Amino acid sequence: MDEKYFPEKIEEKWQRFWEESGAFEAESDASREKRFYCLEMLPYPSGFLHMGHVRNYSIGDALSWFRRLQGFNVLHPMGWDSFGQPAEQAAIKRGVMPREWTEKNIEHMRGQFKRMGFSFDWRREVTAHTPEYYKWDQWFFLKMLERGLAYKKVSPVNWCPAEGTVLSNEQSSGGVCWRCGAAVEKRDIEQWFLRITDYAEQLLEDMSEIERGWPERVLTMQRNWIGKSSGAYIDFQVRDTDERVRVFTTRVDTIYGANAVVVAPDHPLVEHSPVKDDVRRFAERVRAERAAARDPGAQEEKEGVNTGLLAVNPFSGELIPVWAGNYVLTEYGTGAVMSVPAHDERDFEFAQKYSLPIRRVIERISHEQPPAERDPGVEDQSVAMKEAFTEYGILVNSGDWSGRLSEGAIREMAEFAEARGFGERAVTYRLRDWGVSRQRFWGAPIPIVYCDACGVVPVPESDLPVVLPERAEFTGSGQSPLAGVPEFVNTTCPKCGKPARRETDTMDTFVDSSWYFFRYCDPKNARAPFDREKVAYWTPVDQYIGGVEHAVMHLLYTRFWTKFMRDIGLINFNEPVKRLMTQGMVVAETFYREGEEPGSKVYFNPADVDVVRDDKGRVSSATSTADGQPVTVGPFEKMGKSKNNGVDPNEMITAYGADAARLFVLFAAPVENDLRWQEAGIDGALRFLRRVYSFVHRWRESFGGVTRDAAAAGGFSPEAGRLRHETHRTIERVTNDFEGLRYNTAVAAMMELSNALGDFRVAPGSAAPSDRFAVRETLEALVLMLAPFAPHLSEELWEALGHEGGILRSGARWPAFDEALARKDEVEIAVQVNGKLRGRVSVAAAATEEETRAAALADERVRAWTDGKQMVKTVVVPGRLVNVVVKQ
RNA sequence: GCGGAUGUGGCGGAAUUGGUAGACGCGCUAGCCUCAGGAGCUAGUCUAGGCAACUAGGUGGAGGUUCGAGUCCUCUCAUCCGCACCA
């Protein structure tokens with residue numbers, strides 16, 4: 001053992017040891033019931049690990065180590081979400097083939113992971129872009145197709161007319177093409193969809209199974225995304241046509257107040273309009289406005305045109321106009337609404353703009369509701385009402401329904417409509433089917449063949465995988481790259497054998513990430529996506545860790561995929577993840593100067609800035625290291641290129657070691673909070689590790705031959721007793737903190753223990769056997785508890801303490817605490833007089849209430865406040881405090 | 001606009017869930033050691049007063065419940081996040 005702690009030397013040594021001994025390799029083993037699946041979201045191989053990754057995987061790695069030490073069989077795998085756009089961008093920009101680019105990145109990042117010392121079972125690595133993996137994406141797609149869950153429909157994409165390419169939402173933000181700046185258009189093309197909406201109800205219902213383990217806000221976001229809404233469909237006959245227009249409403253009770261039917265601008269009913277050209281022009285305009293710069297947060301003004309059609313209110317028989325309005329969405333409900341301005345804010349706004357009549361049909365029933373504004377005796381309330389009354393109430397002016405309450409009327413009016421054949425109760429969802437088609441090269445090809453004779457033909461399972469060609473033209477313009485590869489496109493029909501063409505769309509990368517963690521359980525299986533028994537052993541995932549940005553899409557899709565896999569008999573549970581943890585961002589200070597352009601900023605990397613502090617430690621100013629001139633101190637922001645405040649994990653490892661970096665990210669903040677990266681903080685982590693290292697170095701020689709019996713025979717000195725108490729109490733605290741993923745307080749507890757060891761002022765040379773026993777007990781516990789945070793150092797110290805074969809193979813177990821030792825035999829009791837702290841007394845931990853009270857009242861300082869006063873009562877909280885209430 | 005969360009020293013954050021506010025770390029101050037280094041060690045560090053023991057105040061703000069409130073209740077302010085014409 002070196003006298004000093006040299007991280008790089010130790011880290012290399014143990015990384016080699018782990019690799020050679022297969023320390024983190026796990027196998028499903030029916031005889032080992034205690035098993036734990038610890039999963040972190042797999043990264044996109046952009047080429048470089050960033051601090052967000054370091055944090056994400058440090059959290060998971062710590063938990064994996066903890067469970068291993070507790071004797072669990074732990075599955076902790078890693079893989080690559082390696083399909084996706086950046087690879088294609090690299091191909092366009094630099095002419096590198098996506099596969100080459102991707103694999104080089106993976107190579108590099110895997111090396112970075114290894115330098116961090118994460119305890120992955122690398123044999124299980126899953127890589128989305130390999131045919132061995134995406135073959136099963138295709139297989140699942142075919143299974144969905146068989147079950148009617150995959151289908152094709154026309155749907156719009158962002159289209160750059162200048163380049164003739166399809167753009168993602170991101171690439172067309174602001175309504176212009178990110179590359180050439182041309183105005184983006186919407187174009188309708190046929191695309192593949194998965195019927196996730198068939199599972200909407202289950203996706204909502206099954207949330208009850210995971211409520212305890214998932215963050216409330218993630219479930220809320222998913223609930224909102226699914227957007228369940230119960231109401232009714234009502235059909236309005238359109239006069240002079242055979243058409244009926246169906247609307248969806250949650251408030252049938254307000255139907256007597258309907259002044260119009262408003263349909264989406266591109267609603268099919270428009271065909272029957274006598275002024276359909278006007279309506280079409282309107283629809284075109286709305287369309288164009290939407291495609292163009294849509295500022296986030298900007299709400300369009302409500303606009304509409306009268307279609308000239310008239311519809312019959314099936315309840316009242318009243319004739320009302322049909323309008324087309326920009327505020328009615330084609331995609332939601334039926335694309336048509338009944339407009340009830342008196343009781344809906346949007347309809348109110350619309351009616352005001354076009355001077356449509358407003359009729360109040362719901363009155364308040366409680367004084368807590370806003371007072372009724374109305375002109376008695378006048379039907380049209382346009383003048384009286386200042387805003388819509390959207391609450392439930394009592395029905396008025398509603399024919400036979402008048403006098404009923406909203407709640408009952410909503411139900412019964414829907415039933416009435418159903419009985420009369422002009423409507424039904426209905427539930428709608430905001431959730432839409434999952435569009436999986438991408439007009440891209442770098443994705444799993446959708447296994448479909450188009451044959452002139454047979455139509456749409458699925459590729460037979462036995463012909464999978466449909467392999468992505470090695471090369472394609474990535475000119476950045478023209479057609480989808482796959483369409484330009486004749487060897488790929490031209491094939492024969494699996495049914496009739498005649499020439500046919502392949503589907504050139506590839507799959508959304510969310511498909512890959514929907515089931516990858518099942519593949520980890522059996523990553524090399526060539527006959528099936530995975531072996532059911534292996535998956536049954538490991539899944540569902542015990543703990544999943546990742547960024548909150550995946551709260552909706554990825555996590556909803558993977559829940560959907562799980563339910564589908566259940567339905568085809570691959571697994572037998574509903575929910576893939578028992579516990580979910582969403583970690584906060586890594587943020588760092590920003591420094592900048594005003595740029596040449598007004599409002600532009602030139603950012604300085606924190607490493608190139610000197611910060612000046614006042615004597616309270618407040619940052620008062622900062623200067624550039626380069627020129628010594630001042631720079632402006634900005635707020636903490638997410639690390640990244642745009643703010644030039646990123647920190648390279650490699651540099652951190654070089655300067656401080658992987659262990660210190662890992663310890664710091666786990667200590668600096670609770671895992672769900674944002675983490676403020678401060679270089680000084682990692683210094684503190686390193687200091688702590690050095691301290692622990694030097695304790696072991698100082699004491700290890702003196703531990704020989706000290707047994708528990710020998711130590712106990714001599715009894716423990718008060719100091720040694722105190723140290724043992726601290727040790728056992730710390731084990732208790734750290735163990736509990738782990739269960740709640742409270743790493744920051746776990747580390748704090750270990751630091752306290754190390755401070756206690758520092759206060760134990762006995763020299764190793766002159767220590768009694770009992771002292772040496774106590775110190776060894778402390779150090780062994782500390783080293784093992786530190787393993788999840790700083791595994792390399794812990795391995796080194798464990799070896800220095802005389803254990804062979806590495807921590808996991810040496811049979812080491814997470815330390816157990818002795819309840820009796822963790823408790824104190826003397827406790828300090830706070831004594832308050834009238835709620836103010838006036839003194840502290842020490843009593844036996846087992847002291848009765850009476851004894852505690854007596855001790856408190858006997859205290860001199862307390863008596864100074866109570867003598868001569870009338871005592872009203874005393875409150876005693878055993879083990880904590882005494883409050884004496886006196887009359888003033 | 002709707003929904004959710006959070007406000008504690010100069011900073012990140014603790015506080016056994018109604019019981020000693022500020023653990024632990026960073027930063028800062030002073031001292032020691034020193035080949036004077038961004039190393040190590042020791043002490044101090046919520047605010048005000050005092051040499052000190054101590055006293056008073058203090059958890060965004062205002063009320064309230066309670067022997068006792070960072071924690072519970074009411075109102076209010078601020079910040080952050082999500083959704084955004086969802087009928």
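Everything quoted here is computed from the prediction, not taken from an experiment. Lettering follows sequence order; numbering is per chain, from 1.
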Which nucleotide wins on minimum distance to the side chain of A/Ala748, given the candidates B/U20, B/G13, B/C24? B/C24

Give one of base, sugar-phosphate or nothing for A/Tyr656, where a contact means two heavy atoms less than 4.0 Å apart. base

Indicate, with a heavy-atom threshold strictly under 4.0 Å, whether A/Asp683 touches base, sugar-phosphate, or nothing. nothing

Which parts of residues 751-758 of chain A get close to RNA chain B, meaning a heavy atom less than 4.0 angstrom away? A/Met751, A/Glu752, A/Asn755

Touch class at under 4.0 angstrom, heavy-atom based, for A/Val340 against every strand present: nothing

Assign A/Val875 to base, sugar-phosphate, or nothing according to its heavy-atom contacts below 4.0 angstrom with the strands shown. base

Let's see if you can work this out: which of B/U20, B/C81, B/A87 has an atom nearest to the side-chain heavy atoms of A/Gln832? B/U20

Should A/Arg690 be listed as having a side-chain N or O under 4.0 Å from OP1 or OP2 of B/G40? yes

As a test of reading the structure: which of B/C67, B/G40, B/A87 is closest to the side chain of A/Asn883, going by heavy atoms? B/C67

Which nucleotide in the list B/G12, B/A84, B/U42 gets nearest to the side chain of A/Arg430? B/A84

If you take any heavy atom closer than 4.0 Å to RNA chain B, which residues from residues 218-235 of chain A end up in contact? A/Met221, A/Ser229

Answer yes or no: does a side-chain N or O of A/Lys836 lie under 4.0 Å from OP1 or OP2 of B/U20? no

Using a 4.0 Å heavy-atom cut-off across all strands, classify A/Arg217 as base, sugar-phosphate, or nothing. sugar-phosphate

Quick one: are the ring centres of A/Trp677 and A/Phe664 less than 6.0 Å apart? yes

A/Asn326 side-chain proximity, nearest of B/G12, B/U20, B/C85: B/C85

OP1 or OP2 of B/A56 under 4.0 Å from side-chain N/O of A/Arg838: yes

Aromatic contact, A/Tyr429 with A/Phe248 (centres under 6.0 Å): no

Of all the nucleotides listed (B/C85, B/G19, B/G40), which has the minimum atom distance to the side chain of A/Arg687? B/G40

If only side-chain N and O atoms of A/Asn834 are considered, is one of them under 4.0 Å from the OP1 or OP2 phosphate oxygen of B/G68? no

For A/Glu828, report the nucleic acid contact type (base, sugar-phosphate, nothing); a contact means any heavy atom under 4.0 Å. base

Select one nucleotide: of B/C83, B/A14, B/U55, the one nearest the side-chain heavy atoms of A/Asn744. B/A14

Just to be sure I understand the rule, does A/Arg840 reach a base, reach only the sugar-phosphate, or reach nothing, if contact means heavy atoms closer than 4.0 Å? base

Would one find a side-chain N or O of A/Arg676 under 4.0 angstrom from OP1 or OP2 of B/C26? no

Which is true for A/Arg742 with a 4.0 Å heavy-atom rule: it touches a base, it touches only sugar-phosphate, or it touches nothing? nothing

Would you check if A/Val692 and A/Tyr5 make a side-chain contact, meaning some heavy-atom pair closer than 4.5 Å? no

Base-pair string, RNA chain B, Watson-Crick plus G-U, cut-off 3.5 Å on both distances, | for inter-strand, is (((((((..(((......[....)))((((((.......))))))((((....))))..(((((..]....))))))))))))....

Considering only heavy side-chain atoms of A/Trp865, the closest of B/A14, B/C67, B/A56 is B/A56

Under a 4.5 Å cut-off applied to non-hydrogen side-chain atoms, are A/Ile226 and A/Met207 in contact? yes

